[in-house]
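Comments concern the structure below.
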Amino acid sequence: MLKIYNLLGLMQRAGKLITGEDLITKNLKNKKIKLLVIAQDCGINTKKKLIDKATFYGVNHIEFSDIENISRAIGRDNRVALGMTDDGFIKKFKQLLEEGGRL
């Protein structure tokens with residue numbers, strides 16, 4: 001799973017990730033987010049809110065890893081969700097998920 005975390009870090013440095021609940025909600029409305037990644041250990045209410053918003057705006061979402069590993073991978077503290085904006089990175093992320101499975 002190391003490659004997938006390295007990819008998340010690269011996406012962060014390239015400016016292709018949106019983090020923070022408010023920014024994610026705003027960018028779901030603007031259709032900038034193409035895939036929403038939610039930490040598996042995210043709080044129930046936050047998870048429901050994010051999934052409901054993603055579903056309403058027609059954005060795919062997946063649950064992946066945990067808050068600690070996601071946060072460490074992107075170099076930010078306490079990140080429960082990531083909004084991915086780049087199709088190429090999303091394709092590679094999904095490929096690595098299929099190859100390595102989920103945590």
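Criterion: ILVMFWY side-chain heavy atoms under 4.5 Å apart, direct or through other members. Under it, Leu97 and Met11 are part of a common hydrophobic cluster. Under the 4.5 Å side-chain heavy-atom criterion for grouping Ile, Leu, Val, Met, Phe, Trp and Tyr, Phe56 is connected to Ile51 within one hydrophobic cluster. With hydrophobic clusters built from ILVMFWY side chains whose heavy atoms lie under 4.5 angstrom apart, Leu96 shares a cluster with Ile62. Residues Ile33 and Phe89 do not share a hydrophobic cluster, clusters being chains of Ile/Leu/Val/Met/Phe/Trp/Tyr side chains in contact below 4.5 Å. In the hydrophobic clustering of ILVMFWY residues, with side-chain heavy atoms under 4.5 Å counting as a link, Leu23 and Leu36 come out together.
Checked by atom type and distance alone, the side chain of Lys53 never pairs as donor or acceptor with a backbone atom of Lys29 at under 3.5 Å. Thr19 places no side-chain N or O within donor-acceptor distance of the main-chain N or O of Leu82, the cut-off being under 3.5 Å. Within the 3.5 Å criterion, the main-chain N or O of Lys32 finds no donor-acceptor partner in the side chain of Asn30.
Heavy-atom neighbours of Asn45 CG from other residues, nucleotides or ligands within 6.0 Å: at or below the threshold of 12. Atom NZ of Lys47 has more than 12 heavy atoms from other residues, nucleotides or ligands within 6.0 Å.
Using a cutoff of 4.0 Å between basic side-chain nitrogens and carboxylate oxygens, Lys49 and Glu21 are scored as salt-bridged. Ion pairing between Glu68 and Arg72 holds under the 4.0 Å rule for side-chain N and carboxylate O.
The distance from the CG atom of Leu7 to the CD1 atom of Ile74 is 12.5 Å, given to the nearest 0.5 Å. Atom NZ of Lys3 sits about 6.5 Å away from atom NZ of Lys92, to the nearest 0.5 Å. Here the straight-line distance linking atom CG of Asp41 with atom CD of Glu63 works out to 10.0 Å at 0.5 Å rounding. To the nearest 0.5 Å, atoms NZ (Lys94) and CG (Leu35) are separated by 5.5 Å. Here Thr25 contributes atom OG1 and Asp52 contributes atom CG; the two are 11.0 Å apart, rounded to the nearest 0.5 Å. Here CG of Leu50 is found 7.5 Å from CG of Leu28. Values are rounded to the nearest 0.5 Å.
If you chain together ILVMFWY residues whose side-chain heavy atoms come under 4.5 Å of each other, Val80 ends up grouped with Ile67.
Below 30°, between 30° and 60°, or above 60°: for Phe64 and Phe93 the angle between ring planes is above 60°, a perpendicular geometry.
A 4.5 Å side-chain heavy-atom check between Leu8 and Met84 finds at least one atom pair inside the cut-off. Residues Lys16 and Leu10 form no side-chain contact, since every pair of their non-hydrogen atoms from C-beta on lies 4.5 Å or further apart.
Between Arg79 and Ile70 the shortest heavy-atom distance is O-CG2, 4.1 Å.
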